[in-house]
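Both ligands and their constituent atoms are indexed starting at 1 by order of listing.
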Amino acid sequence: MNDQKPLLDIRNLSTQFHTQDGIVKAVDGVSYNVKRGETIALVGESGCGKTVSALSILRLIPDPPGKIASGEIIFDGQDLLKLPIEAMTDIRGDKISMIFQEPLTSLDPVLTIGRQITEALERHRDMNGKEAEEEAIRLLKIVGIPQPDRRIKDYPHQFSGGMRQRAMIALAISCEPQLILADEPTTVVDVTIQAQLLELIRNITKDLNTALILITHNLGIVARYAHRVYVMYAGHIIEHGSSTDIYHHACHPYTQGLLGSVPRLDEPRKMRLKPIEGQPPDLIAPPKGCAFAPRCDRAMEACYKGRPPMVEITPDHYTACILASPEKKKTK
Ligand code: SF4
């Protein structure tokens, strides 16, 4: 997978929101990529820019007040930001699909579950009504909905939270997309269902060789599912590397704080969880230096002077902290 060209290559993306109080730099010069069949995780607290960056890929940022200010989103060789907006409606749900956090608000409440899936199949796969219905039943079966031929006629409110999320997954995979964006796909369900859904998403993306961007605030759950992890803070990526790098050799104090604040599925619980003190900065007037400095117990004077550059500490493991070992430093 290492030699493959990325399927999606986001370069220096900046997305802003123009408010009465000033410009919110929600995503500020972010770069990341994902290859075919690969799973990456975008991790960080609420408001760090991970969801905004995903919505930017689909060009679903409400304009106004939002605007993609700069950057490139290269998907399968073409820059999505240069496409006419009508062309994006063909890409959404077909080549790229999204699993949203709360299916009750993202599924259409007045259409049956079956109709929502058949609509996508008729539009993007050119199927007739009967073919689409058969395919919808097959998809609901794959995601574990019992009696799919009967449940296809149900409305979203007739499904439990976990079943709605399964239906959302069926909808997301209906056109066999090349890329799935899963935004906190398990936040609204309990822990047991969470693990089942993550396994399901992993198995399906593996079978279809689909690239997956898993967006989550919970660094504890992704070790098992992501090949690589990007950690975001205050609109920037502050550390990225393989799952092993991030889980066992995290360098940035923020990543270390995230790891210490959540239960981990990859290790037995040994220590008490410790939340990161303080709040993320105001993105209208972010601090001049390291954005994490006001919350960092290792901050020193130099941290407030300028933004630390991203440095490579071991091959393909990068961090933006002045504590990163300078003798191995190689600026990206
Ligand atoms: Fe902490 Fe300084 Fe590193 Fe920022 S650059 S994370 S303030 S030590």
_Parallel, tilted or perpendicular, as decided by the 30° and 60° cut-offs, for the rings of Y254 and H252_ = perpendicular

*asked:* Salt bridge check, E199 against R202: does any charged N sit closer than 4.0 Å to a carboxylate O?
replied: yes

*Does K153 have any side-chain contact (heavy atoms from CB on, under 4.5 Å) partners at least two apart in sequence or in another chain, and if so, which?*
none

*Criterion side chain to side chain contact (heavy atoms under 4.5 Å, CB included) against P185, the qualifying member of I215, I201, T216*: I201

_Non-neighbouring partners of D9 that pass side-chain contact (heavy atoms from CB on, under 4.5 Å), sequence neighbours left out_ = P6, R11, N33, I74

_Suppose the cut-off is 2.8 Å; which protein N/O/S atoms would you list for atom 4 (Fe) of ligand 1?_
C290 SG

*Pairing residues for D126 by the side-chain contact (heavy atoms from CB on, under 4.5 Å) criterion, not counting sequence neighbours*: none

